[in-house]
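These notes concern the structure reproduced below.
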Amino acid sequence: MGFVENILINYRWVFVCLFLLPVSLFYNIWFYCRNLIVFKLSSAPTQHQKKLQFVQKQIIDWNNNGRVTKMCTARPGWQTMSFRRPLYKKHMTNIEVNLVDILEVDVQRRIVRVEPMVSMGQLTATLNPLGWTIPILPEIDDLTVGGLVMGTGIESSSHIYGLFQHICISYELVLCDGRIVKCSAENESDLYWSVPWSYGTLGILTAVEIKMIPAKQYIQLVYEPVFGIDNIVQKFSEASNNKQNEFVEVLIYSENEAVLMTGVQTDSLESDKLNSIGRWYKPWFFKYVQEKLKSNTITTEYIPLRAYYHRHTRSLFWELQDIIPFGNNLVFRILFGWLVPPKVSLLKLTQTKSTKKLYENNHIIQDMLVPVSQLKKSLQIFQDLVNVYPIWICPFILPYNPGMVHPKNQNQSELFVDIGLYGTPNVKTFNPRETTRNIERHVIDSDGFQMMYADTYMTREEFRMMFDHSLYDELRKKMNCEQAFPEVYDKVSKSARY
Ligand SMILES: Cc1cc2nc3c(=O)[nH]c(=O)nc-3n(C[C@H](O)[C@H](O)[C@H](O)COP(=O)(O)OP(=O)(O)OC[C@H]3O[C@@H](n4cnc5c(N)ncnc54)[C@H](O)[C@@H]3O)c2cc1C
Ligand SMILES: NC(=O)C1=CN([C@@H]2O[C@H](COP(=O)(O)OP(=O)(O)OC[C@H]3O[C@@H](n4cnc5c(N)ncnc54)[C@H](OP(=O)(O)O)[C@@H]3O)[C@@H](O)[C@H]2O)C=CC1
Ligand SMILES: CC(C)=CCC[C@@H](C)[C@H]1CC[C@H]2C3=C(CC[C@]12C)[C@@]1(C)CC[C@H](O)C[C@@H]1CC3
């Protein structure tokens with residue numbers, strides 16, 4: 001390993017602190033100003049038609065030029081929140097989808113209409129001051145509406161509202177023949193049900209209508225330390241089934257220790273219990289919550305809404321501790337906390353081959369979605385296979401809708417749980433391929449699903465067992481997609497990413 005490579009791996013924080021943090025700051029400022037100008041000039045809605053026509057033109061040109069290679073969006077792989085970069089973008093026709101604006105906030109219909117590149121950070125910054133929010137707000141700022149629709153999104157309100165696609169009323173797409181369609185549960189419903197999890201393999205998404213709900217100023221959050229796996233599973237299930245809880249999330253810190261958090265929105269507060277966790281000098285949220293285990297008492301706090309939504313952003317859940325080991329140190333926070341986190345996209349862009357290998361061989365990043373009845377068994381299996389803590393568990397209701405993802409063994413909604421494993425495995429037997437395959441097998445056997453932003457080692461057959469392709473296959477044939485877009489598997493499998 002060369003000198004520079006050695007520094008970049010073992011002292012990545014030097015590069016991140018001296019270079020990436022300031023660059024991330026300028027990038028944020030530039031984007032903020034650009035969006036503000038667009039808003040002030042109110043030009044976004046009129047520009048949409050033009051931008052839509054440009055997407056359409058590119059697809060018509062592709063048809064006229066003989067449909068030579070398949071299509072994907074031109075969004076560079078390093079900018080995306082998926083763990084790896086896509087290989088396929090190099091040899092496919094890249095369609096420019098430069099659609100980054102919030103188009104309309106319709107208070108009457110309680111709908112916000114957005115373009116696909118609008119990020120979660122943009123949405124909260126725009127809607128919250130107006131007194132509105134969307135029911136599910138996946139917490140990392142840079143996640144985009146397009147990515148969350150075509151993949152999936154989940155948050156601590158998902159036990160009530162479902163996954164991100166379940167709060168979307170309609171999708172506007174340009175199909176591979178150049179036709180523009182707006183699909184919903186009432187109109188072109190097969191397409192509407194098939195778009196989620198299709199990873200851009202049915203058409204290019206150009207606008208989405210998302211439900212809005214009124215936003216209050218604070219979240220009243222109750223922290224409850226829970227000990228013992230049976231207790232953790234029981235308390236989690238009870239809290240998730242209790243519809244009075246607008247937010248439910250558990251952080252598991254060891255085999256037998258967890259903190260359950262349940263929350264509701266409120267406009268009133270006990271001022272001595274206000275905790276503005278989003279301030280730059282505040283401790284990382286997961287570290288702060290861990291402290292609750294010591295007192296073993298139930299405590300209540302009031303957290304400003306936007307700070308709650310982005311509670312895991314500053315520490316990228318617990319991933320930043322591997323990159324900036326002293327990031328949660330008080331002095332660092334006071335002096336430089338306002339610069340954190342570095343942009344995920346810039347971290348991806350500046351990864352070297354060795355960092356990538358290091359992450360591949362010594363790290364796991366996976367979200368597994370299983371029926372809540374499988375939670376205990378899954379936790380035990382993951383403990384044996386990876387022994388990674390903290391673990392994020394978040395409940396969600398999965399409606400029985402047509403499409404790729406729905407409950408398998410009952411034709412009604414079912415409560416599921418997302419088990420998020422992020423970190424360095426603490427078992428000697430960890431092997432990225434074999435271990436992940438074992439996890440995937442367990443998820444298939446449990447009638448569950450894997451989130452596809454991370455690595456998957458499933459074979460095509462296993463992938464088809466996990467995801468229901470019946471409507472998807474039918475639609476691809478009917479819409480003549482086979483020559484136009486790859487199959488989902490060919491975009492998400494490990495061999496399609498580097
Ligand atoms: C008046 C106004 C009008 C707007 N109109 C539009 C519009 O028409 N179209 C549009 O697309 N956008 C609009 N926006 C949104 C604006 O573009 C966003 O503020 C911008 O995208 C920056 O969002 P951000 O979350 O990345 O940045 P900031 O809010 O400046 O945050 C910077 C970083 O700090 C962190 N952060 C912020 N808050 C918290 C918190 N509470 N807890 C933890 N971390 C936090 C995040 O990591 C974030 O990346 C508008 C904003 C305003 C103020
Ligand atoms: N809390 C949560 O829910 C979290 C979710 N995630 C995951 O991150 C991903 C989202 O990341 P993000 O960077 O926003 O998205 P990406 O750019 O990674 O896009 C994800 C997929 O959606 C497709 N896509 C995106 N926009 C369009 C469009 N306009 N038209 C057609 N296809 C499109 C992409 O196609 P193409 O390859 O052609 O560009 C790609 O296959 C999701 O997979 C999500 O599940 C990650 C972290 C947290
Ligand atoms: C809440 C859900 C469903 C998922 C959270 C996933 C995140 C923890 C990951 C999504 C993208 C990941 C990346 C990294 C860390 C973990 C995520 C933020 C890195 C920053 C790790 C360091 C590498 O060099 C780059 C990675 C980019 C993606």
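All ligand and atom numbering here is 1-based and tracks the order in the structure. Atom set for the values below is all heavy atoms of this structure, side chains included, hydrogens, waters and symmetry mates excluded.
Residue D367 places a heavy atom under 4.0 Å from ligand 3. In this structure, F164 has no heavy atom closer than 4.0 Å to ligand 2. Within the 4.0 Å heavy-atom cutoff, P86 does not count among the residues contacting ligand 2.
For ligand 3, one of its N or O atoms has an N or O atom of Q351 under 3.5 Å away. Inclusion of Q79 in the set of residues having an N or O under 3.5 Å from an N or O of ligand 2 is not warranted. Ligand 2 has no nitrogen or oxygen under 3.5 angstrom from a nitrogen or oxygen of D142. Between E139 and ligand 2, at least one N/O pair is under 3.5 Å apart. Not one N or O of Y359 is nearer than 3.5 Å to an N or O of ligand 3, by distance alone.
Of all atoms in ligand 2, numbered sequentially from 1 with element shown, those under 4.0 Å from a heavy atom of P138 are 1 (N), 2 (C), 3 (O). Close approach of ligand 2 to L143 (heavy-atom distance below 4.0 Å) involves ligand atoms 4 (C), 5 (C), 6 (N), 8 (O), 10 (C), 11 (O), 14 (O), 46 (C), 47 (C), 48 (C). Shown in contact with L205 at under 4.0 Å from a heavy atom are these atoms of ligand 2, numbered in order with element: 28 (C), 29 (N), 30 (N), 31 (C). Within ligand 2, counting atoms from 1 as listed, the ones closer than 4.0 Å to a heavy atom of G153 are 3 (O). Applying the 4.0 Å criterion to heavy atoms of I204 picks out, from ligand 2, the atoms 30 (N), 31 (C). Here is the list of ligand 2 atoms found below 4.0 Å of a heavy atom in M451: 3 (O), 5 (C), 45 (O). Those atoms of ligand 2 that come under 4.0 Å of a heavy atom in T144, given as number and element, are 12 (P), 14 (O), 15 (O).
Checking atom 25 (C) of ligand 3 against the protein gives a heavy-atom contact under 4.0 Å.
Looking at K491 against ligand 2, only its side chain comes within 4.0 Å, counting heavy atoms.
In terms of protein heavy atoms, atom 7 (C) of ligand 3 is closest to I140 CD1, 4.1 Å. From the protein, the heavy atom lying nearest to atom 11 (O) of ligand 2 is M81 CB, 3.4 Å. Considering only non-hydrogen protein atoms, atom 19 (C) of ligand 3 sits nearest to F83 CE1, 4.6 Å. Protein heavy atom in closest approach to atom 40 (C) of ligand 2: Y199 CD2, 4.1 Å. In this structure, the protein non-hydrogen atom closest to atom 20 (C) of ligand 3 is L347 CD1, 3.6 Å.
Distances from atom 31 (C) of ligand 2 to the heavy atoms of P116, G146, G203 put G203 nearest. Taking each of I154, V145, L99 in turn, the one with a heavy atom nearest to atom 2 (C) of ligand 2 proves to be I154. By heavy-atom distance, the residue among R85, K89, R75 lying nearest atom 12 (P) of ligand 2 is R75.
If you check the side chains of T69 and H91, you find no donor sitting under 3.5 Å from an acceptor. For the residue pair N128/Y309, the side-chain donor-acceptor check at 3.5 Å is not satisfied.
Between F467 and W197, the ring planes lie tilted relative to each other; the angle falls in the 30° to 60° range.
Taking a cutoff of 4.0 Å between a charged side-chain nitrogen and a carboxylate oxygen, R75 and E96 do not qualify as a salt bridge.
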